[in-house]
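These figures come from a predicted structure and were not determined experimentally.
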2 protein chains.
Amino acid sequence: MNGNDQRRPVTATDVARAAKVSQSTVSLVLNGKWQGRIREDTARRVMRTADDLGYRINQSARNLRLGSTGTVLLAVPTLVNPVFATVHAGAARVGASNGLGIVVFPLSAEDGFGPFPTPRQALDGVIACSLSAHAVSNLRTGLPLVVLDDAPVPDTPTVTMDTGGGMAKALAHLTALGHRRILHLRAERPAWTFTRRAEAFDQCILSHPQVTADHLSCSFAIEEIRDRTIQALSVANRPTAIVCDDDNMALSIYAAASALDLTIGRDLSVIGFNDLPTAALATPPLTTVRLPLGALGFRGMQALIDLRGGVANDPVTLPTELVIRKSTGPAPATT
Amino acid sequence: MNGNDQRRPVTATDVARAAKVSQSTVSLVLNGKWQGRIREDTARRVMRTADDLGYRINQSARNLRLGSTGTVLLAVPTLVNPVFATVHAGAARVGASNGLGIVVFPLSAEDGFGPFPTPRQALDGVIACSLSAHAVSNLRTGLPLVVLDDAPVPDTPTVTMDTGGGMAKALAHLTALGHRRILHLRAERPAWTFTRRAEAFDQCILSHPQVTADHLSCSFAIEEIRDRTIQALSVANRPTAIVCDDDNMALSIYAAASALDLTIGRDLSVIGFNDLPTAALATPPLTTVRLPLGALGFRGMQALIDLRGGVANDPVTLPTELVIRKSTGPAPATT
DNA sequence: TTGTAGGCGTTATCAA
DNA sequence: TTGATAACGCCTACAA
């Protein structure tokens, strides 16, 4: 902070020299372990000079010495979707009470990152959430790893959500409402969570022989979704209901419906996934499969902590829930 | 990967011993600097044994030795808003071509974090984006710091966007359309970016004496926004236009309008901020102030790199733009 | 072509 | 109450 703004950072040794004490004294004082070991005025002097010199601890050195960094990495496919904020919040809560910080890293498969561009960083563990199998395998670096919302990986604690069950509930709801032509709007991003939904959809359809099913794979580009949906709805015998892999996709359908002068909930039923905050506020409010994202992060962090303690948890599957709102209604008599 | 799954991690020394070479050879080989210095079969043997032993580099040690970690931290107020995904993308692009990884840390003021709960981590720099002054001051750790979309900090490179100018354009647009009662829906999260908008709003209003202005401060809880807007619109001489600090807030207005049977763009004009992907897709498409978020991240990372190189850039302000769509229209004759 | 040795900045164990 | 001193695991002159 004062004159000596040289290149070289201020080390604890510098402080020791300046305060005329040994380096170990500095360490003790600066880590708050001096009570009853160092005289109070000495401690004060050390703190003062550390401050004056603008001393900053070198975390790399500390981490090396301690053999741990107190930070884990949460790898997610994208920062665009707010769902990962919820996962993070859940994980952060557990982390905080265990002295672990979390840092987020978006691992966009879209960017075609070949060699995993990890920050060259010192980590105590990794939580991989909703990633592609490829990305997860790149993450297996020997660090404690737990996998969230993803295909079980051998020897790796896994927390998943019963998205298949959610899909089943969605379809049961729709068929009960009389829908017989149902479209599944799929996210084409390669991720287990989406293939699970597709599989569940296909399987459920098998037990409803009276239903004609179809599906469409889309990127998350919302104009694309809208346009392709418009197309899919502009045919004879169009679908009367659409299940979407994500609430945002569902909301794009709203735009498509409005362009076609279709009223959601009456002419066309729509179901989303995730229950984003915006889902409840859409017009009409969106029926959606609520995913326990906070719990996902929470349990994931818990599993990572257990893993660091030498306990490898068994895979867990969290329940999901269909939240019925106004975007679904009885199948229209004719289309 | 094989039997020796003891507690102690495998070090380069272990590899050296097992491969019957010196540690330096291991280092050379594993860093790809062996070409022309180490015989090829030796190199292969080293790589093989490293693999067999499951050797993983200790980043803390490497970072300590190298005096740098190759990773910078991007601190953001929340992960919920996708705008920060864009900032990140811009920054990541520059970072990647300079060997710097980025890691994201949500610094929620809401959580009442007192002392900055940084992961105890080794970083090469920090980029603070759209934070509260309090949070920024907590980030001044002696690391190279650049501040984005925030109040200029002494001795710190800053990149901002001309949000005030954006607000001015929004108001000019509205007054030109004949609006005389305008409401500013403000985000109550303490952040420079929002106070700037408020100041710009207040100031612009001064030069339009015929306009009656009002404002409302809301959290980002969208039900709250909807309900309070409904209230604000349920009075005699209600506002005919609303400017919102964020597109998501604007979209909440849509819900309010629908509840009141008001048609956006005709009975009520709405302007947002950010130009999120959803803005263009809303019904009707949202008029909004587009912020150069990608450029913000890009320039910010650039400034950080310059700073590490000893060059302290001057503050920069990026231009903003009003994107006129269908949510704004002529003021209704009577209200 | 390979090995030796020193040091990066901490923390922790012991002696003084 | 304090100070030497020895690691932590890695990289890199320099020596062999």
Side-chain angles (χ1 to χ4, degrees), chain A residues 6-47 49-50 53-70 120-124 141-143, chain B residues 6-47 49-50 53-70 120-124 141-143:
Chain A
Q6 282 320 307
R7 273 281 158 279
R8 195 176 66 78
V10 180
T11 72
T13 313
D14 298 331
V15 175
R17 224 188 318 267
K20 302 208 186 305
V21 293
S22 81
Q23 209 199 97
S24 37
T25 304
V26 173
S27 180
L28 251 14
V29 170
L30 264 26
N31 283 306
K33 302 185 180 170
W34 59 274
Q35 307 276 20
R37 337 234 288 85
I38 308 285
R39 230 188 315 137
E40 175 146 357
D41 58 328
T42 313
R44 295 231 171 286
R45 181 158 39 99
V46 169
M47 296 190 281
T49 51
L53 262 38
Y55 168 75
R56 295 291 153 190
I57 194 168
N58 180 322
Q59 285 293 358
S60 293
R62 170 172 229 264
N63 294 343
L64 172 59
R65 179 62 234 243
L66 257 29
S68 103
T69 66
R120 296 199 314 269
Q121 179 180 20
L123 263 9
D124 278 359
T141 58
L143 256 47
Chain B
Q6 283 320 306
R7 273 282 159 279
R8 195 175 66 79
V10 180
T11 72
T13 313
D14 297 331
V15 175
R17 225 187 317 265
K20 302 207 187 306
V21 294
S22 82
Q23 206 201 102
S24 43
T25 305
V26 173
S27 182
L28 252 16
V29 171
L30 263 26
N31 284 305
K33 302 185 180 171
W34 58 275
Q35 307 274 18
R37 332 224 306 80
I38 307 286
R39 228 190 314 140
E40 174 144 357
D41 57 330
T42 312
R44 295 230 170 288
R45 180 159 39 100
V46 169
M47 296 190 283
T49 51
L53 262 39
Y55 169 75
R56 293 293 148 189
I57 194 168
N58 179 323
Q59 285 293 358
S60 294
R62 171 174 229 264
N63 293 343
L64 173 59
R65 178 62 234 251
L66 259 29
S68 103
T69 65
R120 295 200 313 271
Q121 180 180 19
L123 263 7
D124 279 0
T141 58
L143 255 49

Exercise. Identify, between Arg45(B) and Ala61(A), the residue whose nearest nucleotide on DNA chain C lies closer to the 5' end.
Key: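 Result: Arg45(B).
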
message = Quick check on DNA chain D: between Ser60(B) and Lys33(B), whose nearest nucleotide comes earlier from the 5' end?
response =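 Closer to the 5' end of DNA chain D: Ser60(B).
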
inquiry  = If you assign Thr42(A) and Thr25(B) each to the DNA chain D nucleotide with the nearest heavy atom, which residue ends up on the more 5' nucleotide?
reply    =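 Of the two residues, Thr42(A) wins.
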
To the nearest Å, give me how far apart [atom1] ([X]) and [atom2] ([N]) are.
X	N	atom1	atom2	result
Leu64(A)	dA6(D)	CG	P	17 Å
Arg39(A)	dT2(D)	CZ	C1'	9 Å
Arg8(A)	dG9(C)	CZ	C1'	11 Å
Gln23(A)	dA7(D)	CD	P	16 Å
Leu28(B)	dT12(D)	CG	P	9 Å
Arg17(B)	dT2(C)	CZ	C1'	18 Å
Arg56(A)	dT10(C)	CZ	P	12 Å
Tyr55(A)	dT10(C)	OH	P	3 Å

Below 4.0 angstrom from OP1 or OP2 of [N], is there any side-chain N or O of [X]?
X	N	result
Ser22(A)	dG3(D)	yes
Arg37(B)	dT2(C)	no
Asn31(B)	dC11(D)	yes
Arg62(B)	dG9(D)	no

Strictly below 4.0 Å, N to O, side chains only: are Asp14(B) and Arg17(B) in salt-bridge contact?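 Arg17(B) and Asp14(B): salt-bridged.
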
- Answer with yes or no whether the side chains of Ser22(A) and Thr25(A) bring together a donor and an acceptor at under 3.5 Å.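 Present: a donor and an acceptor within the cut-off.
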
**OP:** Start with the C-alpha gap between Thr69(A) and Asn63(A), add the side-chain angles, then the distance that decides, and say whether side chain to side chain donor-acceptor pair (under 3.5 Å) holds.
**Re:** CA-CA 5 Å; Thr69(A) 66; Asn63(A) 294 343; 5.2 Å; no

(message) Looking at Ser24(A) and dA4(D), is any side-chain donor or acceptor paired with a base atom of the opposite kind under 3.5 Å?
(response)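 Looking at the base of dA4(D), it does pair with a donor or acceptor on the side chain of Ser24(A) (distance under 3.5 Å).
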
**Asked** Looking at CG of Leu28(B) and NZ of Lys33(B), how far apart are the two atoms once the value is rounded to the nearest 0.5 Å?
**Response**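 These two atoms lie 8.0 Å from each other.
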
Margin query: Starting the side chain at C-beta, find the nucleotide from dC11(D), dG3(C), dG9(D) nearest to Thr11(B).
Written below: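 Given the options dC11(D), dG3(C), dG9(D), the side chain of Thr11(B) is closest to dG9(D).
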
Within the structure shown, what part of the strands sits under 4.0 Å from Ser27(B) by heavy-atom distance: base, sugar-phosphate, or nothing?
->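 Base, at least one base atom sits under 4.0 Å.
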
Report task. Identify whether any heavy atom of Ile57(B) sits under 4.0 Å from a base atom; if not, whether one sits that close to sugar-phosphate; answer base, sugar-phosphate or nothing. Result ->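 The answer is sugar-phosphate, as Ile57(B) gets under 4.0 Å only of primed atoms, P, OP1 or OP2.
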
Worksheet entry | side chain to side chain donor-acceptor pair (under 3.5 Å) involving Thr13(B) - partner list, sequence neighbours excluded |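 Checked Thr13(B) against side chain to side chain donor-acceptor pair (under 3.5 Å); matches are Gln23(B).
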
